[in-house]
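For reference, the structure is listed below as structure tokens.
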Amino acid sequence: MAKRIDVSDLDIYYGNFKAVEGVNLSIEPRSITALIGPSGCGKSTFLRSLNRMHEVIPGARVEGKVVIDGQDLYGSDVDPVDVRRQIGMVFQRPNPFPTMSIYDNVVAGVRLNSTKMKRAALDDLVERSLRGANLWTEVKDRLDRPGAGLSGGQQQRLCIARAIAVEPAVLLMDEPCSALDPISTLAIEDLMTELKERFTIVIVTHNMQQAARVSESTGFFNLAGVGQPGRLVEFNPTEKIFSNPDQKATEDYISGRFG
Amino acid sequence: MTLTSAPPAQPRPKRRPGDRIFAGTATSAGILILLVLAGVAVFLVTEAWPALTAPAADLPDGKSLGSYVAPLVFGTLLAAVIALIVATPLAVAIALFITYYAPRRLAAGLGYVVDLLAAIPSVVYGFWGIAALAPSLVPFYGWAERNLGFIPLFAGPASTTGKTMLTAGLVLAVMILPIISAISREVFSQAPALHREAALALGATRWEMIKMAVLPYGKSGIIGGAMLGLGRALGETLAVALVLSASGGITFNLISSSNPSTIAANIALQFPESSGLTVNVLIASGLALFLITLAVNMLARWVVTRRADFSGAN
């Protein structure tokens, strides 16, 4: 299921404003890739361009190529809805649907795919997904309660369960732990390490220890200057980035010597 | 348990003049609305009392109060329900189009035009109803009688003037459309981006996103708007008085020319020529309208809070 992502010469625009420029990188299947960099440098924008979520903002467009296992995401015959069914996303703030129960939240994506499933199969899928998100034991007795009644960390794991229930090829995570306490963060990091057996994971994070702990490869984004587009400064194995980066800017950022 | 010593005196919270003035004005505004409501209720009950207690023989037409008011209550509810059934889906669709489908510039203009519908006086609607809508519906009523006559709603005989219960309901529908759509639009536009993005990221189409994240969030707003619209439809006087040919009793037949009148329209039509006990009877029917509106609002509130756990508010 996990798939490889190749990005070449990707520019991302919001209207006339060029937000990200000239990104080239390859993301290996069954690995965790972390994207780090200062706020506003375009790493979230880049992440959202991987499942065409940035198009939600009017005027957003890209130039260049994003290829997932040979399929061009921005081909003229590609429907963004299909792209998003293949490439799941977890957001910064936990966002389970407040009007749905825990159960319905998990199967929300599956119901969209309009395949009629038997109740037993759905029950099975809910258990599998919640177990996959390490949430099953905590919620198995209250699946019919609203998802919004859970704690923040549980809500975020519910969102992960919802995302993996549709068996996506890739899982994108946009600062999934930034609203969580350290214990919940650890739970999610452990979960990511389990999930990379099945999915390709790309995570944006401001927490450099987190990037160092969980990821195989790390990309460092930075702005070329004020009002300039963000660029991918360096993309290397995580070990190398955090011990012996190629670029001076990367080293400065990681060691906290900024500017 | 006995206290051996008095508890230490609580330090008095500091009272700031701004807080006191604000609390005072807010409280008196709240009390004022209750007083007005109570005043209306007292007026209705005292004025209706003679009619409620008088023997049936003394009442106009020599009928009991119940048999006088019942067709009016029925007519009021029927016209309002027709209006609501027609207007609510349309208003929700308009609101969705304006908030999520229309290009931005068109949306602003369209919203303005719909709001403008609310500013048209009801006498104009009534006039439009008899002069334009009713005659143009006559062929449809004839067709409905011939082809759908097996349904009691269209049993006929079809009205030749078009002044039917259905026409009145449709005029009311147009009148309450802007209220429902304005309130729906407001809540739809506030559906959190967080949840809309959650739906889109799962691969929802725009309609699926609206079903998952917008409509559930806006449900209480739709119900609230519909109830406001229903309130207006129940109490609407002039448009119904002009459009409805009221001569009949309780019937579900929507296309004939003998229909029950509505409470408000009946009061408007009968009041100028009434005196004595007849006035009390009309006020008693007004009391019935007051109670219906109260019940509708309480019902709406109950519907909105019933599933508060699952609402978007938490």
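Reminder, nothing fancy here: chain letters follow the sequence lines and each chain counts from 1. In what follows, every heavy atom counts, from backbone to side chain, and hydrogens, waters and symmetry copies are set aside.
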Using a cut-off of 6.0 Å, state whether more than 12 heavy atoms not belonging to B:Tyr101 lie near its atom OH.
yes
Output the residues of residues 55-68 of chain A for which the shortest heavy-atom distance to chain B is under 4.5 Å, in residue-number order; output 'none' if no such residue exists.
A:Val56, A:Pro58
Bottom line for B:Arg206: the part with an atom under 4.5 Å from chain A's heavy atoms is neither
side-chain contact (heavy atoms from CB on, under 4.5 Å) with B:Leu77: which residues, sequence neighbours excluded?
B:Val73, B:Leu234, B:Ile292
State, to 0.1 Å, how close A:Ala108 and B:Met212 come at their nearest heavy-atom pair, and which atoms those are.
CB-CE, 3.4 Å
Between A:Phe97 and B:Ala213, the two heavy atoms sitting closest are CE2-CB, 4.4 Å
Taking all heavy atoms of B:Ala198 and all of A:Phe91, pick out the closest pair and write down the distance.
CA-CE1, 4.0 Å
Is it the case that over 12 heavy atoms from other parts of the model lie below 6.0 angstrom from the CZ atom of B:Arg232?
yes
Expected output: side-chain A:Asn95 to main-chain B:His195 donor-acceptor under 3.5 Å
no
How many angstroms lie between atom CG of A:Leu112 and atom OG1 of B:Thr205, to the nearest 0.5 angstrom?
7.5 Å
Least distance between heavy atoms, A:Thr99 atom then B:Pro216 atom:
OG1-CB, 3.2 Å
Take atom CZ in B:Phe22; do more than 12 heavy atoms of anything else shown fall under 6.0 Å from it?
no
Heavy-atom count check: over 12 atoms from other residues, nucleotides or ligands less than 6.0 Å from B:Leu32 CG?
yes
Part of A:Ile87 within contact of chain B (heavy atom distance under 4.5 Å):
backbone
At what distance, to the nearest 0.5 angstrom, does CG of B:Leu200 lie from CZ of A:Arg52?
13.0 Å
Is chain A contacted by the side chain of B:Ala193, its backbone, both, or neither, given a heavy-atom distance below 4.5 Å?
neither
Take A:Arg48 and B:Glu197 through the salt bridge (Lys or Arg N to Asp or Glu O under 4.0 Å) test and state the conclusion after the steps.
CA-CA 11 Å; A:Arg48 291 163 73 94; B:Glu197 290 197 338; 2.6 Å; yes
Of the options A:Arg162, A:Met89, A:Arg111, A:Arg85, which is the one that meets B:Leu202 in a side chain to side chain contact (heavy atoms under 4.5 Å, CB included)?
A:Arg162
